[in-house]
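Quick note: numbers below take in every heavy atom, side chains included, and nothing from hydrogens, waters or symmetry partners. In what follows, chains are A, B, ... by sequence order, proteins preceding strands, each numbered from 1. What you see is a predicted model; the values in this text were computed from it and never measured.
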There are 2 protein chains.
Amino acid sequence: MAERGRPRSFDRDNALHRAMMLFWEKGFQGTSMSELTTAIGINAPSLYAAFGSKDALYREAMALYEQGDGIELGRQIAEAPSAKAAVEAYLMRSAALFTRPGKPAGCMVVLSVIHGAGTSSQTGAALRDARAEAQTIIEARLRQAVEAGELPATCDPAGIASFYITVQQGMSIRARDGATLPELEAIAQSAMAAWDGLTQARS
Amino acid sequence: MAERGRPRSFDRDNALHRAMMLFWEKGFQGTSMSELTTAIGINAPSLYAAFGSKDALYREAMALYEQGDGIELGRQIAEAPSAKAAVEAYLMRSAALFTRPGKPAGCMVVLSVIHGAGTSSQTGAALRDARAEAQTIIEARLRQAVEAGELPATCDPAGIASFYITVQQGMSIRARDGATLPELEAIAQSAMAAWDGLTQARS
DNA sequence: TCCTTTCTATATCGATCGATAAATAATCTT
DNA sequence: AAGATTATTTATCGATCGATATAGAAAGGA
């Protein structure tokens, strides 16, 4: 049972990738359907037939981003030999991802706090969930370290995760403002200077 | 030599304040002239006569914001008895400013990294300058502490300032995402845990 | 070879965007 | 009171927004 009807004249994955780059760069409101169709090289009806609406296209673009950089950061955390190494890798890898030549600076999910303005409530909820996921992952890694005896039971995994996620989100802003890779790496290292104080047993 | 012609029927300062609140809340692109005129309670020609253009209005709104919260944070830094107290006050006061009831969450200048998209190049430059100013102020306070012998000459004022500004900018994102005052204060305190490590004499 | 199906190209929809022309109203100057 | 000046109201400008109706083109199935 092969595909029926006239075959699509463009590559859907490639079109989605181009859309992701535009949304990442300019945000939802800042990117027009006209820009999208021009960048992809197709007409509006083809884009609507393939993705449904601008809002749905944005959601797919966000999912594609998460499957790339999001998974990459998650792997850094999972594969690190210790909780401290996981957090450090998370920040250092973020610095690299935020400054790749040829890609928009900063994290698409983080910037969506503002970039996502104008999207539907459905998309807004998806964005909020995506942002909350980083907290969940890092917090889980810290709890695991506590249970393994690597970190004292008195430390606060939620609070520590919250701090490092805040730093990473701040790095997104800095990257958007033109910060270089060395500058972002220095910020990441500065944040790691708080590690011992945050994880040591409290009195 | 009194004012000639028909007097303005609305309060310009009040109109600017309402415009600032809207731009702060929804960004430049996210706020339409229609919303602005409705919120202020005047017609479009009156708004254009008073402020020139949407872009110029945004610039004035940004200046008003800086004269409020910007000056407030600058005073916290200037009046603190030590460099450490200055940075701590900067972060703790930011946490409070970012979560005031009745005001949009986060810092208008920081969020303008993205919110400002769509503004003219002139406005974009003004926004970039405003963002760079925090770095200048904190860095200067740290250099002053070094010269006063309060901090060792081996520490890196630019790097330390960069880190704490990144945390503060991250707090803006978190505030936008619904973080509460206690949560932001905890993040600020976590960042302060890095102080000793960042300022101690290097080997 | 026709029919069904799906996609593409052209043209355009109503709504809204930022901004303004023209006419009227309100104030100061003389 | 008359003229000058400025603000306001009303109506609307051209451009662009996201989205589609329509018709033609390209494939598989019968």
Exercise for the section: Report yes if at least one side-chain N or O of B/Ser46 is closer than 4.0 Å to OP1 or OP2 of D/dT8; otherwise report no. Expected result: yes

Handout entry: Atom pair distance, as rounded to whole Å: OH in B/Tyr58 and P in C/dA19
Key = 15 Å

Problem - Phosphate contact (C/dT29 OP1 or OP2) by B/Arg4 side-chain N/O below 4.0 Å - result: no

Handout entry: Whole angstrom value for the distance that separates P of D/dG18 from CZ of A/Phe51
Key = 16 Å

Problem - Phosphate OP1/OP2 of C/dA9 contacted by A/Asn43 side-chain N/O (<4.0 Å) - result: yes

Exercise for the section: Report which part of the nucleic acid A/Ala44 touches: base, sugar-phosphate, or nothing (heavy-atom distance under 4.0 Å, all strands). Expected result: base

Problem - Donor-acceptor contact present, side-chain B/Thr123 to main-chain B/Arg59, <3.5 Å - result: no

Handout entry: Spacing between A/Phe10 atom CZ and C/dT6 atom P, to the nearest angstrom
Key = 15 Å

Exercise for the section: State whether A/Glu183 and A/Arg174 are salt-bridged, where the test is any N-O pair (Lys NZ or Arg NE/NH1/NH2 against Asp/Glu carboxylate O) under 4.0 Å. Expected result: no

Practice task
Using atom CG of A/Leu47 as one end and atom P of D/dC17 as the other, report the distance to the nearest whole Å.
Solution key: 14 Å

Exercise for the section: Determine the contact category for B/Thr37: base if any of its heavy atoms lies under 4.0 Å from a base atom, sugar-phosphate if only primed atoms, P, OP1 or OP2 are that close, otherwise nothing. Expected result: nothing

Problem - Residue closer to the 5' end of DNA chain C, A/Gly41 versus B/Ser53 (nearest nucleotide) - result: A/Gly41

Exercise for the section: Figure out the CG/P separation between A/Leu36 and D/dA19, and round it to whole Å. Expected result: 11 Å

Exercise for the section: Would you mind telling me which of C/dC7, C/dT27, C/dC17 lies closest to the side-chain atoms of A/Arg8? Expected result: C/dC7

Handout entry: Short N-O contact, B/Asp177 and A/Arg128, less than 4.0 angstrom
Key = no

Problem - Minimum-distance nucleotide (side-chain atoms of B/Lys54 versus C/dA26, C/dA19, D/dG18) - result: C/dA19

Exercise for the section: Using a heavy-atom cut-off of under 4.0 Å over every strand shown, decide if B/Pro45 touches base, sugar-phosphate, or nothing. Expected result: base

Exercise for the section: Determine yes or no for a side-chain-to-main-chain donor-acceptor pair under 3.5 angstrom, with A/Glu150 supplying the side chain and A/Ala83 the backbone. Expected result: yes

Exercise for the section: Taking the six-membered ring of B/Phe98 (Phe, Tyr or Trp), confirm whether the NZ or CZ of B/Arg100 is under 6.0 Å from its centre and within 45° of its axis. Expected result: no

Protein-nucleotides 23-25 of chain C N/O pairs under 3.5 Å:
unit_1, atom_1, unit_2, atom_2, d
C/dA25, N3, B/Arg6, NH1, 3.4

Problem - Salt bridge B/Glu139-B/Arg143, side-chain N to carboxylate O under 4.0 Å - result: yes

Problem - Under-4.0 Å salt bridge between A/Arg12 and A/Glu60 - result: yes

Handout entry: Distance, rounded to the nearest Å, where A/Arg12 contributes CZ and C/dT8 contributes P
Key = 12 Å

Exercise for the section: Could you verify whether a donor N or O on one side chain and an acceptor N or O on the other, from B/Gln189 and B/Glu88, lie under 3.5 Å apart? Expected result: yes

Practice task
Could you tell me the separation between the CE atom of A/Met33 and the P atom of C/dG14, rounded to a whole number of Å?
Solution key: 20 Å

Exercise for the section: Rounded off to whole Å, could you give me the CD-to-P distance for the A/Gln29 and C/dT16 pair? Expected result: 15 Å

Handout entry: Distance below 4.0 Å between B/Tyr48 side-chain N/O and C/dA19 OP1 or OP2
Key = yes

Problem - Contact under 4.0 Å: A/Ser9 side-chain N or O vs C/dC7 OP1/OP2 - result: no

